[in-house]
Amino acid sequence: MPKLTINGTEVTVDAGTTVLQACEQLGIEIPRFCYHDRLQIAGNCRMCLVEMEKSPKPIASCAMPVNEGMVIRTNTPKVRKARNGVMEFLLINHPLDCPICDQGGECDLQDQAMAYGLDRSRYAEFKRAVPDKDLGPLIETHMTRCIHCTRCIRFATDVAGVEELGTMGRGEHMEIGTYVEKALTSELSGNMIDLCPVGALNSKPYAYTARTWELVRTETIDVLDAVGSNINVNSRGREVMRVLPRLNEEINEEWISDKTRFAYDGLRRNRLDRPYVRKNGVLEPATWQEALGTVASKMTGIGGGGMAAIAGDLACVESMMALKDVFEQLGSPHLDCRQDGAKLGASVRASYLFNTTIAGIEDADVCLLIGTNPRWEAALVNARLRKRYLRGGFRVFSIGPRLDLTFPVENLGAGPETLGAIAGGGHPLVETLSAAIRPMLVVGQGALARPDGAAILAAAWRIAVTCRMVRDSWNGFNVLHTAAARVGGLDIGFVPGKDGADTGAILDGAASGRLGLVYLLGADGIDMRRLGSTFVVYQGHHGDAGANRADVVLPGAAYTEKPATYVNTEGRVQQAKRVVFPPGEAREDWAIVRALSETVGAHLPYDNLNELRSRVERQFPHFTAHDVAPRAPWSSFGTEGRMDPAPLRSPIDDFYMTDPICRASETMAACSALYVGSAPGKTGTHG
């Protein structure tokens, strides 16, 4: 470990550490534009210059590895003069449009010009102008402001794995753009906006709508996939203005997907803001008392055995727990949180978790993907897989469709026959998996939501056991969910009770008339035609498929409008916070169910959110540990049986249209039309 002296202080650092990183370990701030912790070093902005003993000129600290006996000075007259000069050059062609720039108030160039720049410029020549580029519906460009830090290029190449940005020209004619005019095709492209240290790349949907100092920032959780990305939601008044990533090294690092970042405009469109009751075939506005009374009278007349409940993909733990308690008191065992029909049981927690954890992907050395497309199902998980691939010594195999995951994938076949061969020990991959130090497999919902999903799950379990994927300090068996509500629902047992019906049986019972009432808790992904003439209660926040079919509509709150608990695909319990209040007469979902329980005569033993959470924690103690992914006990699961030879498919056909919020978003509709070519009403999932 080399020892060096920085500003008179000796410090010992790890080999390979750069001078800039060593300075930061001592708390010394080094200005920079091109350097970023998660990107390859470029060393082209020269803002990080420091003085090194025996060097005739200042060095770029971001690109200089430390050596034994180095003597570094970071605040000498020579360093200050060098930084003044670099800043002066950077501002030669920069437009003086800070008052109208969306980056104003949170701009690295502004901050460093104040701290390290001069108070005047010696240049009187005309500034150059650069044409803006059309990068698609998400990123707005002002390329005259660009300082050629190349962060966007390195992010697209290294992290996103989409080599579509680069530099053209030389000297003052150099420009950054796509070589052929086209939209960026990455699901992570919005992160370039955060990386840009100036106002060259901005959010197109957010452009000119608010100033940073007007916004209230709330730290919360994303629920548009099952990753549980940590986000910072910025609001003004009762409106969400933008969504930004929040650092969490275990889950999303400092990135978020484009769906998480840009779908927020769907929160204010197509909203349910008052109760409705269907009269003479038409949904008409009603009071809460009338709507709840209608539901209660129907429930009382039908009885517990004749009604069922299905929870949707965005339901929170509190609302599912309250609804489960009501239905159990009324004697109904027909509950299911798996609206896609996934054959996952709730008895073995390890059978439905991403046990390796997202951060644990970086420790794996071989991976088998089964019926999943992580690039669309969980873009941040795919980014971790790519990150691990770039380090070397990592092979990825897949069973299912051939995929472009931004890194090489060896496809072994499209159907379960390959899976059966591996599970039986007769496939060459068995030797590769068994020889690996930390092998892992990932089973997707495309494999589990099939009629033979339980047999596929059993085959995956056999592979994990045969290839020794589960060891004392490692569990390589993983299920990748697409729904934020799924793990929480399985954790609390929102599944069929004794003699209860699952989603498929509920729909069959509704179609045949055996069930008189179906309660949809934000469930929009089922085939509404199979509900027949059954009385349908829809509780949710958007006028999507469920509300259109409902006989009674109870307006709930979206994820930004309520404090709520969600469990991500790793089994990590996280709590979302209220950012704004729900519109109109809409209420928090657990409170709606609590009010209904009084009307129907099924009293619940809690009157506020804290009491409800205490009940959840008493029944399921792992809910007391927040923001950790505890290891779940391992035992056998799945059901041995014949697997259908039909090819495995991903459950998502359209990354931008997977839930009611996205389907209400104009931004997501524009992305879908451009990148996928789907109609705005496309559900994005297999029915």
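Heavy-atom basis, side chains included; hydrogens, waters and symmetry copies ignored.
Under a 4.0 Å N-O distance rule, the pair Arg38/Glu249 qualifies as a salt bridge. Between Glu254 and Arg246 there is no salt bridge, since no side-chain N of the basic residue sits under 4.0 Å from a carboxylate O of the acidic one. Of the charged side-chain nitrogens involved, none lies within less than 4.0 Å of a carboxylate oxygen, so that Asp313 and Arg338 do not count as a salt-bridged pair. Taking a cutoff of 4.0 Å between a charged side-chain nitrogen and a carboxylate oxygen, Asp404 and Arg375 qualify as a salt bridge. A salt bridge links Asp508 and Arg530; the closest N-O separation between the charged side-chain nitrogens and carboxylate oxygens is under 4.0 Å.
Within 6.0 Å of CD on Gln619 lie more than 12 heavy atoms contributed by other residues, nucleotides or ligands. More than 12 heavy atoms of other residues, nucleotides or ligands shown are found within 6.0 angstrom of CD on Glu410. Atom CZ of Arg402 sits in a sparse spot, with 12 or fewer heavy atoms from other residues, nucleotides or ligands closer than 6.0 Å.
Judged purely by atom type and a 3.5 angstrom limit, His542 has no side-chain atom pairing as donor or acceptor with the backbone of Cys662. Of the possible polar contacts, one joining the Arg391 side chain to the Glu362 backbone as a donor-acceptor pair under 3.5 Å is found. Side chain of Asp653 to backbone of Pro651: no donor-acceptor contact under 3.5 angstrom is found. Thr157 places no side-chain N or O within 3.5 Å of a backbone atom of Arg154 that could act as its donor or acceptor partner. Side-chain N or O atoms of Asp452 include none that pairs as donor or acceptor with a backbone N or O of Ala455 at under 3.5 Å. Formation of a donor-acceptor pair under 3.5 Å by the Asp340 side chain with backbone atoms of Ala449 is not found in this model. Without hydrogens or angle criteria, Arg572 side chain to Asp627 main chain gives a donor-acceptor distance under 3.5 Å. Formation of a donor-acceptor pair under 3.5 Å by the Asn475 side chain with backbone atoms of Asn355 is not found in this model. Remark: the backbone N or O of Thr185 is paired with a side-chain donor or acceptor of Glu164 at under 3.5 angstrom. With hydrogens and angles ignored, the 3.5 Å screen pairs no side-chain donor or acceptor of Thr482 with any backbone N or O of Glu377.
When side chains are defined from C-beta on, Thr260 counts as touching Ile231, because their heavy atoms get closer than 4.5 Å. In this structure the side chain of Phe354 reaches within 4.5 angstrom of the side chain of Leu480, judged on heavy atoms. Side-chain contact between Val227 and Ile358 is present, with at least one heavy-atom pair separated by less than 4.5 Å. Contact of the Phe397 side chain with the Cys367 side chain is not registered, since no non-hydrogen atoms from C-beta on lie closer than 4.5 Å. Counting heavy atoms from C-beta outward, Gln575 and His626 have side chains that approach closer than 4.5 Å. Under the 4.5 Å side-chain criterion, counting only non-hydrogen atoms from C-beta, Leu267 is in contact with Ile661. Residues Tyr566 and Val317 form no side-chain contact, since every pair of their non-hydrogen atoms from C-beta on lies 4.5 Å or further apart. Side chains of Leu531 and Val518 form a contact here, defined as non-hydrogen atoms less than 4.5 Å apart.
If you take OG on Ser319 and CG on Leu521, they are separated by 4.5 Å, rounding to the nearest 0.5 Å. Taken from CG in Leu648 to CD1 in Ile456, the straight-line distance is 5.0 Å, to the nearest 0.5 Å. Interatomic distance, Leu441 CG to Leu368 CG, rounded to the nearest 0.5 Å: 6.0 Å. To the nearest 0.5 angstrom, Asp194 atom CG is 8.5 Å from Trp255 atom CH2. Here the CG-CG distance, from Leu405 to Asn382, works out to 5.0 Å after rounding to the nearest 0.5 Å. Interatomic distance, CE of Met320 versus CG of Leu490, reported as 8.5 Å (0.5 Å rounding).
In plain terms, the two heavy atoms of Ser189 and Leu138 that are nearest each other are OG-CD1, 4.0 Å. Of all heavy-atom pairs spanning Leu314 and Pro660, the tightest one is CD1-CD, 4.2 Å. Of all the heavy atoms in Ala383 and Leu188, the pair that sits closest is CB-CD1, 3.9 Å. Annotation for Ala309 and Ile506: closest pair O-CD1, 4.1 Å, computed over non-hydrogen atoms. Here the shortest heavy-atom pairing between Met440 and Thr356 reads CB-OG1, 4.1 Å. The two residues Arg388 and Gly392 make their nearest non-hydrogen contact at NH1-O, 2.7 Å.
Defined by atom type and a distance below 3.5 Å, a donor-acceptor pair is missing between the side-chain atoms of Asp654 and Tyr675. A donor atom on one side chain and an acceptor atom on the other are not found under 3.5 Å apart for His481 and Glu570. Asp589 and Gln539 are linked by a side-chain donor-acceptor pair at a separation below 3.5 angstrom, with hydrogens and angles left out of the test.
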request  = List the steps, then state whether side-chain contact (heavy atoms from CB on, under 4.5 Å) holds for Ser229 with Ile256.
outcome  = CA-CA 7 Å; Ser229 297; Ile256 53 175; 4.1 Å; yes
ask   = Could you go step by step and tell me if Val409 and Tyr389 meet the side-chain contact (heavy atoms from CB on, under 4.5 Å) rule?
value = CA-CA 10 Å; Val409 178; Tyr389 161 75; over 6 Å; no
ask   = Going through the distances and angles, do Phe623 and Val567 end up as a side-chain contact (heavy atoms from CB on, under 4.5 Å)?
value = CA-CA 9 Å; Phe623 275 91; Val567 188; 3.7 Å; yes
task = For Asp544 and Tyr538, run side-chain hydrogen bond (donor to acceptor under 3.5 Å, both in side chains): C-alpha distance rounded to whole Å, both residues' side-chain angles, the deciding distance at 0.1 Å, then the answer.
result = CA-CA 10 Å; Asp544 206 72; Tyr538 179 79; over 6 Å; no
inquiry  = Under the criterion side-chain contact (heavy atoms from CB on, under 4.5 Å), I'd like the reasoning laid out for Leu224 against Thr658: C-alpha separation, chi angles, the key distance, then a yes or no.
reply    = CA-CA 8 Å; Leu224 301 187; Thr658 55; 5.8 Å; no
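Aromatic ring centroids of Trp474 and Phe477 lie 6.0 Å or more apart.
Of the candidates Thr357, Asn568, Thr569, Ile251 forms a side chain to side chain contact (heavy atoms under 4.5 Å, CB included) with just one, namely Asn568.
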Taking distance alone, no hydrogens or angles, what donor-acceptor pairs closer than 3.5 Å link side-chain atoms of residues 414-438 to residues at least two apart or in another chain?
from: Thr418; atom 1: OG1; to: Leu412; atom 2: O; distance (Å): 3.4
from: His427; atom 1: ND1; to: Leu429; atom 2: N; distance (Å): 3.0
from: Ser434; atom 1: OG; to: Val430; atom 2: O; distance (Å): 2.8

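Ring-plane geometry between Tyr519 and Phe327 is classed as perpendicular, the angle between the planes exceeding 60 degrees on a 0 to 90 degree scale with a lower cut at 30.
Remark: Lys259 is not positioned above the aromatic ring of Tyr656, lacking an NZ or CZ atom under 6.0 angstrom from the ring centre and at most 45 degrees off the axis.
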